Amino acid sequence: MAKNTYDSKAIEVLSGLDPVRKRPGMYTDTSCPNHLIQEVLDNSVDEAIAGHCSNIKIKIQKDGFISISDDGRGMPIDEHPEHKLSGVELILCKLHAGAKFSGEEYNFSGGLHGVGVSVVNALSETLEVFVKRDSKEYSMKFKNGDKKTDLKPIGDVGLRNTGTTIKFKPNEKYFESNEIRLKELKHLLKAKAVLCPGLTIEFQNDNKKDPKIKWFFEDGLKSYLEEESEGVDLILEESIVSSKDTKTQEVEFVVNWAGMPPKNKLDETYVNLIPTAQGGSHLNGFKAGLLDALKEFCEYRSLLPKGLKLNADDVMNNAIFIVSSKMQNPQFAGQTKERLDSKDHMSFVSSSTKDVLSIWFNKHTEEGERIAELAIISAQARAKASSSVERKKTFKGPALPGKLSDCNSEDLNKTELFLVEGDSAGGSAKQARERSFQAIMPLRGKILNTWDLESEEIIKSQEIKNLSTAIGVLPGNADISSLRYGKICILADADSDGLHIATLLCALFLRHFKPLVNEGRIFIAMPPLYRIDCGKDVLYALDEKQKDKAVKEFKSKKGKPKINIQRFKGLGEMNPSQLRETVMDPDTRQLVRLSISATDNANAMMDLLLSKKNAPARKEWLEKKGSLVRM
């Protein structure tokens, strides 16, 4: 219970690595230790970008330790003049301590905030560092982020034998799963080698019988695209490759197009060799430059039908590409660096892309017309879908909400509207949906509790007004002839907050859209709470009981298979393919129809759960039933 008094004694000052241990999710991805490996790896890669490192070795040991070695210059071992600590201790024990702020030691680097490797130390049971420098090897050890031994020499090495090795064991209490996602890690390591020609990256996993893997690419992006796009029908025999640099920034890209949009197409972006899964300025600049070049080509050759306008999505639908930017002082959206926010870099990438592609289109007119044809087909399909929505707007009510991503079909027997909790999950759902018949409407958290309110009152809520406009039916209206979707599906997180939101939406439909319930139009999607992996087999579980059953089933297999359990925090944490498989694909999803009968006590239960006048009865019910909750 919170104290009534609030004075200066209540103020905490977190020092050293305490902020990381207190709120690890603010500093790294806590779903698994992969991001810790990436933080250490990025430091080694920064040495490679600067021209001081040509070999990096990553090893996963049987005892749970992860080792990352490079042949760079080695961490500084001398004493810092101000802090009176060795460079090694300062880097590993102090947040925002590093050599990359000024740009003097590293022209381009990924480790910008001086946070990464100290976070690894804070979230590790044990961390050991070995530094080869000045003809000697030095060692230092940490436990749970705290120094256990001082930095001391442990042997002699040759003058040219330099580098850093960091060996750490992640503390499993900070992570949902202690299992390393090997497929993602290998993909990252390969990408780093591709993006840094001349760098050799070696990977060894002692827990597997697989041989060591080495990646070394002289022909960088082009060969990478060809390998990753194997089996895809590419339009161009030779992918377009470009590189442009200045003293402060660089951009390199490779692009090709597929005859049909592939299910898992290659569309990767990097900044200083760090993968930016959410794109950002460099991706937006690439799209803008590509669009401008193609529009210019189409206009010059009179390829566009009258009145048709191309947009970036039309050009990118079939595009397969990798964009790699390097720049000084990039601004990322957060410590996990998944999106680049450096606005100035966008114009550099855009102009660089347009210049290269304008020349290419004019030299390769036949291939250019094939690419233009793909974009035109996409634009025509988009225009047709847009005119369909415009017709609905004109004849069936007010303008549709801006957040609604509508579907193309008008067949009430096929169309589905998913009411999704939050913009993040909404973004994933948009990628996972089947655009032809599935529409997405993101909702902002918990909607208004409408159980005790009249229909005339609730329409004052902008969120409910938008929802009503999207489905085409006014609350309290018995006439549902203007209904725009055959199925309305509530899609909320599988946790307690998600269940609360789903309950509020069920109450809204039961009280104010009852004809839709009576017609069987309202459904509740059942997203999984757990994903259970065993080798190549994957099962999803809605709750603890299903999870235990799946684990038991896997354990019954011969050979004592290794089982990995992932608990989803929410829908936004699921990637589009997982979301499609578990809640959106009609062949594999689970939907529960909201229905009532004469014998149901639905109204009484909703009164108990949501009515303001029933607060005392609700309190008594919670005291009796609260202990039955299992999460």
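Note that the coordinates shown come from a computational prediction; the quantities given were computed from them, not determined experimentally.
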Say whether [X] and [Y], considering side chains only, have a donor N or O and an acceptor N or O under 3.5 Å apart.
X: Tyr485; Y: Asp406; answer: yes
X: Glu172; Y: Tyr174; answer: no
X: Asn317; Y: Ser378; answer: yes
X: Asn466; Y: Gln462; answer: yes
X: Tyr530; Y: Glu544; answer: yes

Next on the checklist: Determine whether Arg339 and Thr276 satisfy the following criterion, side chain to side chain contact (heavy atoms under 4.5 Å, CB included), listing intermediate values before the conclusion.
Outcome noted: CA-CA 5 Å; Arg339 188 178 77 247; Thr276 43; 6.0 Å; no
Any [X] side-chain heavy atom under 4.5 Å of [Y] side chain:
X: Phe513; Y: Pro475; answer: yes
X: Leu188; Y: Pro275; answer: yes
X: Met526; Y: Leu591; answer: no
X: Val551; Y: Ile565; answer: yes
X: Asn178; Y: Pro33; answer: yes
X: Leu417; Y: Met441; answer: yes
X: Ile322; Y: Val255; answer: no
X: Leu594; Y: Cys506; answer: yes

inquiry  = Could you check, using the six-membered ring where one of them is a Trp, whether Phe286 and Phe321 have ring centers closer than 6.0 angstrom?
reply    = yes
Minimum heavy-atom distance [X]-[Y], with the two atoms named:
X: Asp537; Y: Phe554; value: CB-CE2, 3.7 Å
X: Ala550; Y: Ile532; value: CB-CD1, 4.0 Å
X: Ser325; Y: His345; value: OG-NE2, 2.8 Å
X: Lys414; Y: Phe437; value: O-CD1, 3.4 Å
X: Ile488; Y: Ile471; value: CD1-CG2, 3.7 Å
X: Pro305; Y: Gln380; value: CG-NE2, 3.7 Å

Report yes or no: does [X] contribute a side-chain atom to a donor-acceptor pair with the main-chain N or O of [Y] at less than 3.5 Å?
X: Asn318; Y: Ala258; result: yes
X: Ser342; Y: Asp344; result: no
X: Glu421; Y: Asp493; result: yes
X: Thr415; Y: Gly486; result: yes
X: Arg589; Y: Val583; result: no
X: Ser281; Y: Leu340; result: yes
X: Gln438; Y: Met584; result: yes
X: Ser177; Y: Cys32; result: no
X: Trp257; Y: Val315; result: yes
X: Arg593; Y: Arg521; result: no

Nearest 0.5 Å, what's the [atom1]-[atom2] distance between [X] and [Y]?
X: Phe523; Y: Ile490; atom1: CZ; atom2: CD1; answer: 11.0 Å
X: Lys309; Y: Leu304; atom1: NZ; atom2: CG; answer: 11.0 Å
X: Lys403; Y: Glu463; atom1: NZ; atom2: CD; answer: 7.0 Å
X: Ile274; Y: Gln38; atom1: CD1; atom2: CD; answer: 6.5 Å
X: Leu291; Y: Glu296; atom1: CG; atom2: CD; answer: 11.0 Å
X: Glu553; Y: Ile563; atom1: CD; atom2: CD1; answer: 10.0 Å

(message) Set out, in order, the CA-CA distance, both residues' side-chain angles and the distance that settles side chain to side chain contact (heavy atoms under 4.5 Å, CB included) for Ile320 and Asp267, then state yes or no.
(response) CA-CA 6 Å; Ile320 294 171; Asp267 53 356; over 6 Å; no
side-chain contact (heavy atoms from CB on, under 4.5 Å) test vs Ser481 passes for just one of Asp479, Asn477, Leu483, namely Asp479
Taken in chain and number order and not counting sequence neighbours, the residues that satisfy ring pair (Phe, Tyr, Trp, His ring centres under 6.0 Å) with Phe418 are none
**Asked** More than 12 heavy atoms of other residues, nucleotides or ligands under 6.0 Å from NZ of Lys465: is that the case?
**Response** no
#### Entry: Within 6.0 angstrom of Arg435 CZ, more than 12 heavy atoms from elsewhere
no
| message | Would Cys489 and Ile524 count as a side chain to side chain contact (heavy atoms under 4.5 Å, CB included) here? Give the steps. | response | CA-CA 5 Å; Cys489 308; Ile524 295 91; over 6 Å; no
Verify side chain to side chain contact (heavy atoms under 4.5 Å, CB included) between Lys547 and Arg531, making sure each step is shown before the conclusion. CA-CA 8 Å; Lys547 181 200 75 172; Arg531 171 184 165 129; over 6 Å; no
